[in-house]
Amino acid sequence: MTTAAATTIKARQRPGDRIFSSATLIAGSLILAVLAAVAIFLLVESLPAFVADPAEFSGDTTNFWSYVGPLVFGTIYSAILSLIMAVPVAIGIALFISHFAPRKLAQGLGYLVDLLAAVPSVVFGLWGIGVLAPLVQPFYANLVDWFGWFTPFAGPVSGTGRTIFTVAIVLAVMILPIITAICREIFLQTPLLHEEAALALGATRWEMIRMAVLPFGLPGIISASMLGLGRALGETMAVAMVLSPSREVIFQLLTAQNSNTIASNIALNFPEASGVGINILLATGLMLFVVTLLVNMLARAIINSRKAFSGAN
Amino acid sequence: MTSVLDAAPLTNSLTAGKLPRRSSLWILLASWAVSAAVFAMLFLSGTVDGFNVVGTIVFGTVLYCFAIYVLSRLVEGSRKAKDRLMTALVTAAFVIALLPLVSIIYTTVVNGLPAFLTPTFFTSSQRNVVGAGGGVLHAVIGTLMVTGMATLISVPIGLLTSIYLVEYGRGRLARAITFFVDVMTGIPSIVAGLFAFALFALLFDDPGIRFGFGGSIALSVLMIPVVVRSSEEMLKLVPNELREAAFALGVPKWLTILKVVLPTSIAGIVTGVMLSIARVIGETAPLLIIAGFTSSMNYDLFGERMMTLPVFVYTQYANQGADSQAYIDRAWAGALTLIVIVMVLNGLARLIAHWFSPKLGR
């Protein structure tokens, strides 16, 4: 009798259950394997670049690091510039949708901003050259005339408007939707009681936002900006089409000589590359992968840590 | 505040110190009118050629921000003035974001329509075409095949993973998968292309490899995380009572998932898949790397270069021939085709979500 009581009742393991659950497990693990494979295959194919013959590098660079240096600079420079432009506007849009727009319209307005994310990057590139660059070129000429003494605005001004500043504007438009979407979610999670308490104490709407919504949403804003930064770092076609590139580190924003970015450099040179040239481009791609991976992991870690303590659920 | 009350002792204290209703609208219209007048004078005096509509609206809006702040500060005090200023700025931010969207769609339609409407545009390839003429048939076929194959790879993997995360996964592995799926959504598209290239270049020992299937692999890397995230959200929405009811009837877990959970959430999953297709169908960089470009038809995913629409747009722009206008026209027409496809996919996805989503009793 005692042995019978000790045995627990277990559901019969059916073959269908086993097959199905292991299939889902394999699919899930496959994703981790793919991410690892991206790193491994890029690393294997990049190794020849680090020990390449100096003659293989174009221009006056002689090793990989002097080749990739200006590209890293251009990538980070353009991404930071675009972030400076995009973040304030994105916060404004997110606030407009979450707290200012009429409730009934809010969701539809959100879709409109999301449509911006659906426009293919190559179309942004065409638009950047065809519409934006000619539009802003006269402003650049004025900026150089008036503020030329300030190094980033030093001349000579680009005649086409295809400068790193134009690229930054295009990138800012492209990363707006992702930053807006996350800020919007976070702002909507603000505890309603905090907002109502602020209003009940006589705060105006803006004071309520400054005292309740923004402090609550700050970590969300930071991580949304970092996700936007990741997008801007890796954006390829818009930069490749709009920028008129060169191979140096250049701080000037408005001249015809601009530091290229890693991704755009790959897209421009890969179709004609051969031999070790391919490995060199793959190695720069590996750099880009590592940087964006780190930025994204940090951003996601911040968002996730916030989720647990937000008290919104 | 007190000075206002002193000056007009008979006004109602509840409405005193407030701008009249709709005053912000009138001030905005007045600012635009003033700015329009200034630009009209500049135009008439011959200083600038053409009436500057964009300038009128921009300067009018800036003027409005100043006017509303100053007026509100005089009448309502500094706190209310700041509130009105921020309301104006936040609304302006939203409108600023819409300007590029409107501008992109407008220019694409205007520049793309002439070549888009030529009879050969959807019936022929670019083979042996120099100058005007030719079409995008090879690119449309390539895009459909590459994206279709990417969907065939991504949907089963993505869906099974989301089922694992929602129905089976507990503990470390599930947390790691959730985290890295999120991280993978941020991988630059060109890195996915380089990965596919490195993989197949090593596999087939061919350093100049270009073929369509590689493009599908690259797109899958970008697409799987999106499918996982959207399906996961949808599966989580299925009420637990449905699962428990099925278990109580003695239905095995895998059949519960197949016959109860999936049918309940299928509309949301289809929406997510369509949005993910819309996301990858416009990817240029990975296809430029691994699928390459050509001007001929290619129906074979596993051999030779394959043209796709985004790459078509890029190459038409980048490698302009002698008659450069014809190439630019074709680039815009290709861009228009892409935008139409993406917008139709987005619209359909929203409609499916709207029509078939379970109606919540309220």
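Quick note on labels: first sequence line is chain A, next is B, and so on, each numbered from 1. In what follows, every heavy atom counts, from backbone to side chain, and hydrogens, waters and symmetry copies are set aside.
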If I measure from the heavy atoms of chain A, does Tyr314(B) come under 4.5 Å with its side chain, its backbone, both, or neither? both

Among Val38(A), Val89(A), Ile209(A), residue most engaged with chain B (heavy-atom pairs, under 4.5 Å): Val38(A)

The interface call for Leu85(B) against chain A, heavy-atom contacts under 4.5 Å, is neither

Examine whether an atom of Thr236(A) lies under 4.5 Å from a heavy atom of chain B, and if so say whether it belongs to the side chain, the backbone or both; otherwise answer neither. side chain

dist Ile97(A):CD1 -> Tyr111(A):OH (nearest 0.5 Å) comes out at 12.0 Å

Count the heavy-atom pairs under 4.5 Å between each of Ala172(A), Ala117(A), Ala27(A), Gly234(A) and chain B, then report the option with the highest count. Ala27(A)

Is it true that, when you exclude Phe247(B) itself, more than 12 heavy atoms of the residues, nucleotides or ligands shown sit nearer than 6.0 Å to its CZ? yes

What option among Leu42(A), Ile31(A), Leu176(A) has the most heavy-atom pairs under 4.5 Å with chain B? Ile31(A)

Where on Leu115(A) is there a heavy atom nearer than 4.5 Å to chain B: the side chain, the backbone, both, or neither? both

If we define contacts as heavy-atom pairs under 4.5 Å, which of Pro252(B), Ala331(B), Ala278(B) has the most with chain A? Pro252(B)

For Arg231(A), is it the side chain, the backbone, both or neither that has a heavy atom under 4.5 Å from a heavy atom of chain B? side chain

Quick check on the 6.0 Å ring-centre criterion: do Phe195(B) and Phe289(A) meet it? no

Whatever's closer than 4.5 Å to a heavy atom in chain A on Arg84(B) counts as neither

Counting only non-hydrogen atoms closer than 4.5 Å, does Ala318(B) touch chain A with its backbone (N, CA, C, O), its side chain (CB onward), both, or neither? neither

Pick whichever of Pro100(B), Ala174(B), Pro207(B), Ala92(B) has the most heavy-atom pairs under 4.5 Å with chain A. Pro100(B)

